[in-house]
Amino acid sequence: MTPTLTLHPIGFIRSPKQVKFQARHQPAELEAERSVLELVPDCNYELALRDVAGFARIWLVWWFHRNTTWRPLVLPPRGPAQRRGVFATRSPHRPNPVGLTPVQLLGVQGRRLILGPCDLVDSTPVFDIKPYIPAYDAFPEAAAGWHDEVDSALSAPPQFTVRLSPLAEAQAEWLRTTWEIDFCPRMVELLAQDPSPHRSRRIRRRGGVRWEIGCGAWRAFFTVAGQTVNVVTLDAAYPPRFLNDLALEGIPDRAAQLAFLARWPEPETQS
Ligand SMILES: C[S@@+](CC[C@H](N)C(=O)[O-])C[C@H]1O[C@@H](n2cnc3c(N)ncnc32)[C@H](O)[C@@H]1O
């Protein structure tokens with residue numbers, strides 16, 4: 001019989017990132033971003049944290065709890081649309097959905113660890129913390145297979161210029177100022193690198209010359225002319241029948257999506 005292991009989370013991530021689109025595939029170190037790891041009470045974890053504060057980084061061992069399936073071959077979002085063995089990737093779709101992130105440790109306050117940028121969405125369960133020890137854990141010269149090839153291609157400056165139409169600009173501004181929602185920087189970054197169809201980047205054809213990119217609870221329609229991507233309009237990603245069905249729980253940005261659809265009801269016909 002295959003042995004099994006029962007794990008209990010030691011804590012949960014508190015982060016402004018509610019949807020996976022907002023979390024980069026690895027932490028974006030340049031962003032001034034904070035998350036908190038809140039350890040569960042009454043487990044003596046305050047004591048277990050003794051001496052942790054001296055480490056600039058810690059490893060988080062965590063659960064991709066929003067995934068329920070795994071696939072032997074996955075389509076990494078970086079690089080060309082080419083499937084790779086899941087064990088050659090950091091994909092969340094693994095037989096044991098365990099994530100591993102070396103995150104900056106900015107402070108320890110009782111059972112709360114203040115963390116720098118990380119790739120975990122809000123409420124992610126964390127199983128373990130280990131100190132990051134550069135002498136043991138860092139091997140920057142080690143070959144990284146297909147990843148090295150993709151990296152050298154991506155280190156070139158973005159190949160596409162991304163322009164937002166006046167309508168898309170107005171919608172983005174409205175989302176920022178009215179709802180504090182801003183998915184456009186990440187969207188622009190992805191489109192500037194490669195707007196070609198790709199399931200993991202959630203880019204697909206939407207008829208004629210129009211394309212769509214999924215951005216968590218939102219989406220955008222765009223066209224491509226030469227090396228320019230024109231974002232025509234933004235839109236709510238969920239259809240009204242889902243947004244209005246209160247029995248469906250956990251729809252991100254539900255109120256904002258409904259308000260958006262009331263204001264811009266027919267995205268496909270506007271340009
Ligand atoms: C590519 S994985 C890498 C995770 C980790 N650094 C690793 O190497 O194991 C990071 C992505 O997982 C997704 N993610 C974050 N938290 C998740 C969760 N709790 N459940 C499922 N997917 C999650 C986000 O889309 C994020 O961009």
Side-chain angles (χ1 to χ4, degrees), residues 7-31 33-38 40 57-79 81-105 113 115-132 137-140 142 144-148 150-151 154 182-183 185-187 189-190 193-194 198-203 213-219 237 249-253:
L7 297 175
H8 300 280
I10 58 165
F12 297 86
I13 287 289
R14 307 291 169 222
S15 155
K17 295 172 187 161
Q18 302 292 327
V19 292
K20 292 198 278 175
F21 179 80
Q22 292 169 309
R24 282 160 196 271
H25 301 117
Q26 297 298 328
E29 294 288 328
L30 296 179
E31 286 182 4
E33 186 190 283
R34 299 277 178 276
S35 291
V36 172
L37 169 55
E38 233 172 66
V40 297
R57 272 171 197 274
I58 51 174
W59 288 105
L60 299 183
V61 181
W62 49 281
W63 181 9
F64 291 109
H65 74 305
R66 300 243 184 122
N67 288 357
T68 50
T69 57
W70 79 278
R71 291 189 283 274
L73 292 180
V74 294
L75 189 59
R78 288 163 75 83
Q82 189 175 333
R83 291 190 186 280
R84 318 269 180 185
V86 70
F87 295 141
T89 76
R90 298 298 194 97
S91 165
H93 302 279
R94 329 184 66 80
N96 290 310
V98 174
L100 186 64
T101 299
V103 66
Q104 286 170 34
L105 177 63
L113 287 90
L115 307 175
C118 67
D119 53 2
L120 293 70
V121 297
D122 189 46
S123 304
T124 296
V126 174
F127 292 132
D128 200 7
I129 297 168
K130 297 182 194 225
Y132 174 87
D137 296 345
F139 304 94
W146 67 268
H147 207 268
D148 281 344
V150 169
D151 248 8
L154 288 182
D182 193 4
F183 59 89
R186 179 82 179 121
M187 175 191 79
E189 186 184 315
L190 289 169
Q193 274 169 4
D194 187 356
H198 193 292
R199 211 177 74 182
S200 305
R201 287 196 289 265
R202 299 184 60 201
I203 297 176
I213 179 169
C215 311
W218 303 91
R219 59 184 179 165
E249 288 173 7
I251 295 185
D253 301 340

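As the structure lists them, so they are numbered: ligands from 1, and atoms in each ligand from 1. Given the structure is predicted, the values throughout are model-derived calculations rather than measurements. Start at 1 with the first residue, then count along the sequence.
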Identify whether the distance between the nearest side-chain nitrogen and carboxylate oxygen of Arg57 and Asp137 falls below 4.0 Å.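 Between Asp137 and Arg57 there is no salt bridge, as every charged N stays at least 4.0 Å from the carboxylate O atoms.
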
If you measure from each non-hydrogen atom of Trp63 to ligand 1, which part falls under 4.0 Å: side chain, backbone, both or neither?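 Just the backbone.
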
[X]: numbered ligand 1 atoms lying under 4.0 Å from its heavy atoms:
X	value
Phe64	2 (S), 4 (C), 9 (O), 12 (O), 18 (C), 20 (N), 21 (C), 22 (N), 23 (C)
Gly99	9 (O)
Pro92	12 (O)
Thr101	5 (C), 6 (N)
Thr124	16 (N), 18 (C), 19 (N)
Leu120	15 (C), 16 (N)

Short N or O distance, [X] and ligand 1, threshold 3.5 Å exclusive:
X	answer
Val121	yes
Leu100	yes
Ser91	no
Trp62	no

So, for [X] and [Y], which heavy atoms are closest and what is the spacing to 0.1 Å?
X	Y	result
Leu37	Leu60	CD2-CD2, 3.9 Å
Val103	Gly116	CG2-O, 3.8 Å
Val150	Arg84	CG2-NH2, 4.3 Å

Does a sphere of radius 6.0 Å around CH2 in Trp146 hold more than 12 heavy atoms from other residues, nucleotides or ligands, not counting ones at 6.0 Å or beyond?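 Yes.
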
Under 30°, 30 to 60°, or over 60°: which ring-plane class applies to Tyr132 and Trp59, parallel, tilted or perpendicular?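 It falls in the tilted class, 30° to 60°.
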
By the definition side chain to side chain contact (heavy atoms under 4.5 Å, CB included), identify the one residue from Leu120, Val126, Thr124 that meets it with Thr101.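 Among Leu120, Val126, Thr124, the one that satisfies the side chain to side chain contact (heavy atoms under 4.5 Å, CB included) with Thr101 is Leu120.
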
Just by modelled atom types, is the Pro76 backbone N or O under 3.5 Å from a matching donor or acceptor in the His198 side chain?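 Confirmed, His198 side chain pairs with Pro76 backbone.
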
Could you check which of Arg90, Arg66, Arg94 puts a non-hydrogen atom nearest to atom 1 (C) of ligand 1?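 Looking at heavy atoms only, the winner is Arg90.
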
